[in-house]
Structure formats: C-alpha cells, structure tokens
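Report on one structure; see the data block that follows.
Along the sequence shown, residues carry numbers from 1.
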Amino acid sequence: GRLTPKETRLQMVKTCFLNNNFADAENIIDELIKCNIDNNTFLEEIKALCSKFNHDIFPTNVIYNTKQALININNNGVKLFKEGKIKEAISTLENASKIMPDNQTIILNLAKICVHQLKSAKLTKQKLTKAKDYIDKAIQLEIPLDKISHLQAEITKLNHEFISHR
C-alpha cells in the first residue's frame, strides 16, 4: 500500500536520524506533532520512532508545549466568543489554524462560532461559505458526526433562508 503523507514524513525522520541529522528530524517531528496533536495513536508512533534513536525527550516536550499552546489559544478564542467579540474570536482561531491546520479542536470551534455568527448577524454569502468550509474541513478531519451533525443541519437551514431571501 501507499504511504500517507504523514507516514512518508515519519520515514524522512527515520532517514534523518540514521544520518545523524537531528536538526532536520526535529523540525519534521515538530511539524508532524503540530498537525496531528489530536491523533494520539500517531503521536505514540512518533515517540516510538524517536525512542529507537534515544531521542525520547524531544517529542514529549513538543507534544506538551503544543498542547499547552493549543489550550491557551483555544481558551482565548472561546473567551473572546463568550465576551461577544465574534470577529476577534474567529481571527484568533484562524491564526491558530494556520499553525495547526488539521487540529480538530480549533476547526470544530471555528465551525461553531461561524455558525453562531450566521444566526446572530446579517447573513451573507461570504459568511455562509466560510462556515460551510469549516464544517467540510471538520468532516475531512473525521471529527465525530455527533459533534458536527447539528452544525450541518443549521447550515442547510441557513442556506435555504439565504436563497429564499435573494
């Protein structure tokens, strides 16, 4: 079978270790962890690979620091949302999604906040598209349907409203 992009990157880490190129290995590991912080199985694969090369501490530290940063960013975005600062909340979480584009927590919160914004502000095609894009991304990231099905239903309803008011 073909390797997935993250499996290919993990093979690159192994090659770097075999060639004593620890700096490149660490850069790739750092990127892999940031993009897959919600995937505990894959994080264990990274740790196991690093362990084979006596490089145990690095991934553990990156995982811890990434999770702390994620918690802080996410909490800040949620706090802004609860304060009614919707645009700032979206901006904060979008900046985080640039660093961690496949992070399920950030994408799910972006989808929720964008759907809320659609229900509480003037409905525009741009806002509708943005919310739909985040829901699609959530589906692509395999976020459980029980967490996104109500958002899909809201978007469908809002889309019908938008079309009927044109």
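In summary, the side chains of Asp30 and Asn27 do not present any donor paired with an acceptor at a separation below 3.5 Å, with no hydrogens or angles considered. Side-chain atoms of Thr105 and Asn74 include no donor-acceptor pair closer than 3.5 Å.
Separation of atoms OG1 (Thr92) and CG (Asn109) is listed at 12.0 Å; rounding is to 0.5 Å. Distance check: Lys82 NZ to Asn75 CG gives 9.0 Å after rounding to the nearest 0.5 Å. Within the model, atoms CD1 of Ile37 and CD1 of Ile33 stand 6.5 Å from one another, a figure rounded to the nearest 0.5 Å. Rounded to the nearest 0.5 Å, atoms CG (Leu145) and CG (Leu151) are 11.0 Å apart. With values rounded to the nearest 0.5 angstrom, Lys98 atom NZ is found 12.5 Å from Ile106 atom CD1. Between atom CG of residue Leu128 and atom CD1 of residue Ile163 there is a gap of 8.0 Å, rounded to the nearest 0.5 Å.
Remark: Lys34 does not engage Glu31 in a salt bridge, criterion side-chain N to carboxylate O under 4.0 Å. Of the charged side-chain nitrogens involved, none lies within less than 4.0 Å of a carboxylate oxygen, so that Lys87 and Glu94 do not count as a salt-bridged pair.
Note on Met100: it does not cluster hydrophobically with Ile71, by side-chain heavy-atom contacts below 4.5 Å among ILVMFWY residues. Val78 and Leu80 fall into different hydrophobic clusters, where Ile, Leu, Val, Met, Phe, Trp and Tyr side chains are chained together by heavy-atom contacts under 4.5 Å. The hydrophobic clustering, which links ILVMFWY residues whose side-chain heavy atoms are closer than 4.5 Å, places Phe42 and Tyr64 apart. Criterion: ILVMFWY side-chain heavy atoms under 4.5 Å apart, direct or through other members. Under it, Leu123 and Ile135 are part of a common hydrophobic cluster. Criterion: ILVMFWY side-chain heavy atoms under 4.5 Å apart, direct or through other members. Under it, Phe58 and Leu18 are part of a common hydrophobic cluster.
Under the side-chain contact (heavy atoms from CB on, under 4.5 Å) criterion, His116 pairs with Phe81, Ile86, Ser120, sequence neighbours left out. For Leu141, the side-chain contact (heavy atoms from CB on, under 4.5 Å) test picks out Asp102, Gln104, Ile107, Lys137, Ile143, with sequence neighbours left out.
The backbone N or O of Thr15 sits less than 3.5 Å from a side-chain atom of Asn19, completing a donor-acceptor pair. Although no hydrogens or angles enter the test, the distance criterion places no donor-acceptor pair under 3.5 Å between the side chain of Thr66 and the main chain of Ile63.
The shortest heavy-atom contact between Lys147 and Leu108 is O-CD1, 3.8 Å. Closest approach of Gly77 and Ile113 over heavy atoms only: O-CD1, 4.5 Å. Considering every non-hydrogen atom in both His150 and Asp146, the closest pair reads ND1-O, 4.3 Å.
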Report the C-alpha distance between Asn76 and Ile73 in whole Å, list the side-chain angles of each, state the deciding distance to 0.1 Å, and finish with yes or no for side-chain contact (heavy atoms from CB on, under 4.5 Å).
CA-CA 5 Å; Asn76 188 38; Ile73 291 167; 5.8 Å; no
Verdict with reasoning, Ile29 to Phe17, per side-chain contact (heavy atoms from CB on, under 4.5 Å):
CA-CA 11 Å; Ile29 291 166; Phe17 279 142; 3.9 Å; yes
Step by step, work out the side-chain contact (heavy atoms from CB on, under 4.5 Å) result for Cys50 and Lys47.
CA-CA 5 Å; Cys50 291; Lys47 286 183 186 178; 5.8 Å; no
Any chance you could lay out the side-chain contact (heavy atoms from CB on, under 4.5 Å) test for Cys16 and Ile28, step after step, and finish with the verdict?
CA-CA 10 Å; Cys16 289; Ile28 296 168; 4.3 Å; yes
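Annotation for Glu142: atom CD does not count as buried by contact number, only 12 or fewer foreign heavy atoms lying within 6.0 Å. Around the CD atom of Gln126, the shell of radius 6.0 Å holds no more than 12 heavy atoms that belong to other residues, nucleotides or ligands.
The shortest distance between side-chain heavy atoms of Gln152 and Ile139 falls below 4.5 Å. Two residues are said to be in side-chain contact when any heavy atoms from C-beta on lie closer than 4.5 Å; Lys6 and Glu45 fail this criterion.
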